[in-house]
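Have a look at the structure below before the remarks.
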Amino acid sequence: MKQVWQRGSKDMTAMPPLRHRGAAKKPMWIIVLLLLVCVALMGAYVYPPRRYSACYFFASSVCTPFKDWLPAVARQRTDEEIVSSVVNRDILSMPMAVSKNPKIAFMFLSPGSLPFEKLWEKFLQGHDERYTIYIHSSREKPVHSSSLFVGREIHSEKVVWGRISMVDAEKRLLANALEDVDNQFFVLLSDSCVPLHTFDYIYNYLMGTNVSFIDCFLDPGPHGTGRYSTEMLPEIEQRDFRKGAQWFAITRRHALLILADHLYYNKFKLYCKPAEGRNCIADEHYLPTLFNMVDPGGIANWSVTHVDWSEGKWHPRSYRAADVTYELIKNITSVTENFHVTSDDKKVATLTPCVWNGTKRPCYLFARKFYPEALNNLLKLFSSYT
């Protein structure tokens with residue numbers, strides 16, 4: 001007869017210990033590998049890479065960047081960012097007042113007199129109710145050769161090339177032009193700019209679209225993102241930094257947005273300066289970066305003002321009287337693709353069609369830089385090339 005055990009403390013002490021099969025030892029290299037993978041994934045989570053994807057590690061031909069398949073790391077926005085996003089959102093979404101007499105504001109940024117006033121007078125003749133003129137003269141009071149420009153100066157301040165004062169002058173022009181509720185498009189011009197088409201052509205080109213013509217492209221070279229400063233973080237990241245010509249033609253909505261912006265403007269004011277290592281030029285980067293971040297779909301990514309940078313110098317090619325021929329103007333007005341080239345060693349060139357309301361059209365309405373001596377040739381050719 002089997003004995004039934006009563007498990008008391010005494011009996012339990014007397015019982016022999018249970019025997020178990022010893023656990024198989026795992027190789028140390030597996031444990032080390034698992035730890036390395038965990039560390040790598042945690043690092044990718046906390047600091048998601050911007051330039052490398054899963055392809056780098058797994059050599060896969062079809063794969064997505066880490067940031068697309070890892071949980072996004074939320075950054076708490078500053079008070080200034082929240083204010084900025086709300087203001088920008090409302091400006092971009094609110095209905096604009098419809099003008100019964102929409103006008104183009106021609107805004108001239110000049111150190112002094114405008115040498116091509118007679119040419120502009122010929123261009124503007126007969127269209128008195130469809131344009132306004134504003135002149136920012138930063139060095140000396142202009143002497144006018146056309147009555148259309150008399151009394152059109154605004155309060156001006158000193159402008160230093162490459163500094164934020166250039167952007168300040170642009171904003172000053174916009175503020176004055178926005179006071180006229182009929183101004184619907186705002187064109188920034190220099191003293192060396194000339195029109196390439198008739199007034200009707202340019203008026204219909206601008207008024208017939210709802211996008212702004214702001215030059216904007218990604219240049220990974222030293223004269224592009226090489227000018228970026230980490231001091232602009234956290235609001236402006238390097239991947240957001242863009243470059244473009246300063247000569248714009250913008251809608252009233254975008255003009256308001258520029259004046260409303262303080263957050264991004266202050267970053268450029270503080271950390272984008274020439275001859276400080278990166279040689280950052282504020283007027284080449286502020287607006288392209290701003291609109292790339294705030295309303296990338298609302299800009300055309302090219303300027304309607306032609307500038308020839310083919311000589312590879314700090315300043316574009318300038319045309320003298322002997323250069324001004326019918327063939328020159330015809331060549332400029334026939335361009336239908338926008339050209340960009342990077343400033344790195346690769347010198348990657350990109351040609352992008354100039355698309356206006358879904359149709360490929362000529363890119364340029366204006367051109368620069370022309371020497372004052374070219375005035376007579378331009379006046380003679382104006383009727384022909386327009």
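Just so you know, these numbers use all the heavy atoms, side chains as well, and skip hydrogens, waters and symmetry mates.
- In terms of heavy atoms, S113 sits closest to V143 at OG-N, 2.8 Å.
- H127 and F199 have parallel rings, their planes meeting at less than 30° on a 0 to 90° scale where 60° marks the start of perpendicular.
- Remark: R172 does not engage E157 in a salt bridge, criterion side-chain N to carboxylate O under 4.0 Å.
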Given the rule in the ring-ring contact (aromatic ring centres under 6.0 Å, His included) test, do Y228 and Y271 qualify, once you have shown the distances and angles that lead to the verdict? CA-CA 9 Å; Y228 171 79; Y271 308 116; over 10 Å; no
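- Checked for salt-bridge contact, E231 and K267 miss the test: no charged N lies under 4.0 Å from a carboxylate O.
- No single ILVMFWY cluster, assembled from side-chain heavy atoms under 4.5 Å apart, contains both I82 and V87.
- Rounded to the nearest 0.5 Å, atoms CG (L290) and CD1 (I214) are 7.5 Å apart.
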Stepwise side-chain contact (heavy atoms from CB on, under 4.5 Å) test for T336 and R361: CA-CA 6 Å; T336 57; R361 294 286 293 273; over 6 Å; no
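- To the nearest 0.5 Å, the span separating CH2 on W356 from OH on Y205 amounts to 8.0 Å.
- Atom CZ of R317 is surrounded by more than 12 heavy atoms from other residues, nucleotides or ligands within 6.0 Å.
- Classified by interplanar angle (parallel below 30°, tilted 30° to 60°, perpendicular above 60°), the ring pair Y364/H306 is perpendicular.
- Both the sub-6.0 Å distance and the 45° axial angle are satisfied by K171 relative to the ring of Y265.
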Under the side-chain contact (heavy atoms from CB on, under 4.5 Å) rule, what do L189 and M107 come out as? Steps first, then yes or no, please. CA-CA 6 Å; L189 301 160; M107 308 182 303; over 6 Å; no
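- A donor-acceptor pair under 3.5 Å is formed between the side chain of D215 and the backbone N or O of A245.
- In summary, E121 and K118 engage in a salt bridge, as defined by a charged side-chain N under 4.0 Å from a carboxylate O.
- Annotation for L174 and A255: closest pair CD2-CB, 3.9 Å, computed over non-hydrogen atoms.
- Judged purely by atom type and a 3.5 angstrom limit, E327 has no side-chain atom pairing as donor or acceptor with the backbone of V324.
- Y371 and I329 end up in different hydrophobic clusters when Ile, Leu, Val, Met, Phe, Trp and Tyr side chains are linked at under 4.5 Å.
- Put simply, the side chain of N266 gets close to the backbone of H262: a donor and an acceptor are under 3.5 Å apart.
- A donor-acceptor pair under 3.5 Å is absent between the side-chain atoms of S156 and the main chain of H136, judged by distance alone.
- Distance NZ/K243 to NE2/H223: 6.5 Å, rounded to 0.5 Å.
- Taking the six-membered ring where the residue is Trp, F106 and W120 present tilted rings, their angle falling between 30° and 60°.
- The nearest pair of heavy atoms linking M94 to L256 is CE-CD1, 4.1 Å.
- Aromatic pair F149/F108: centroids less than 6.0 angstrom apart.
- Panel note: side chain N331, backbone S334; no donor-acceptor pair is recorded below 3.5 Å.
- Note that CG of L287 is 12.0 Å distant from CG of N292, once rounded to the nearest 0.5 Å.
- Between N183 and T132, the side chains place a donor N or O and an acceptor N or O closer than 3.5 Å (distance only, hydrogens not considered).
- Between the CD atom of E237 and the OG1 atom of T230 there is a distance of 12.0 Å, given to the nearest 0.5 Å.
- With respect to the salt-bridge test (charged N to carboxylate O, under 4.0 angstrom), the residues R130 and D200 qualify.
- A donor-acceptor pair is defined here as one N or O able to donate and one able to accept, closer than 3.5 Å; no such pair exists between the side chain of E337 and the backbone of T352.
- In this structure, CZ on F268 lies 15.5 Å from CZ on R163, to the nearest 0.5 angstrom.
- Between the T289 side chain and the F241 main chain, no donor and acceptor come within less than 3.5 Å of each other.
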Step-by-step side-chain contact (heavy atoms from CB on, under 4.5 Å) determination, L365 to L196: CA-CA 5 Å; L365 306 180; L196 295 174; 5.9 Å; no
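- Checking Q246 against H285 by side-chain atom types alone, no donor-acceptor pair falls below 3.5 Å.
- Hydrophobic side-chain contacts under 4.5 Å tie V341 into a cluster, directly or through other members, with F339, L351.
- Taking both residues in full, the closest heavy atoms of L218 and T342 are given as O-CG2, 4.5 Å, listed atom of the first, atom of the second, then distance.
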Would you please test W247 and S190 for side-chain contact (heavy atoms from CB on, under 4.5 Å) and show each step? CA-CA 8 Å; W247 311 105; S190 76; 3.3 Å; yes
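- E117 and S146 make their closest contact through OE1-N, 3.1 Å (heavy atoms, listed as atom of the first residue, atom of the second, distance).
- Between H340 and F217, the ring planes are parallel. Angles under 30° get that label, and only those over 60° would be called perpendicular.
- The minimum heavy-atom distance linking S137 with P111 is given by the pair OG-O, 3.4 Å.
- In this structure, S212 contributes its side chain and T251 its backbone to a donor-acceptor pair below 3.5 Å.
- Applying the disulfide bond (SG atoms under 2.5 Å apart) test to pairs two or more places apart or on separate chains, those with a residue in residues 328-386 are C354-C363.
- For the pair R152 and Y134, the distance from NZ or CZ to the six-membered ring centre is under 6.0 Å and the angle to the ring normal is within 45 degrees.
- No donor-acceptor pair closer than 3.5 Å links the side chain of D240 to the backbone N or O of I236.
- Between the side chain of S84 and the backbone N or O of E80 there is no donor-acceptor pair closer than 3.5 Å.
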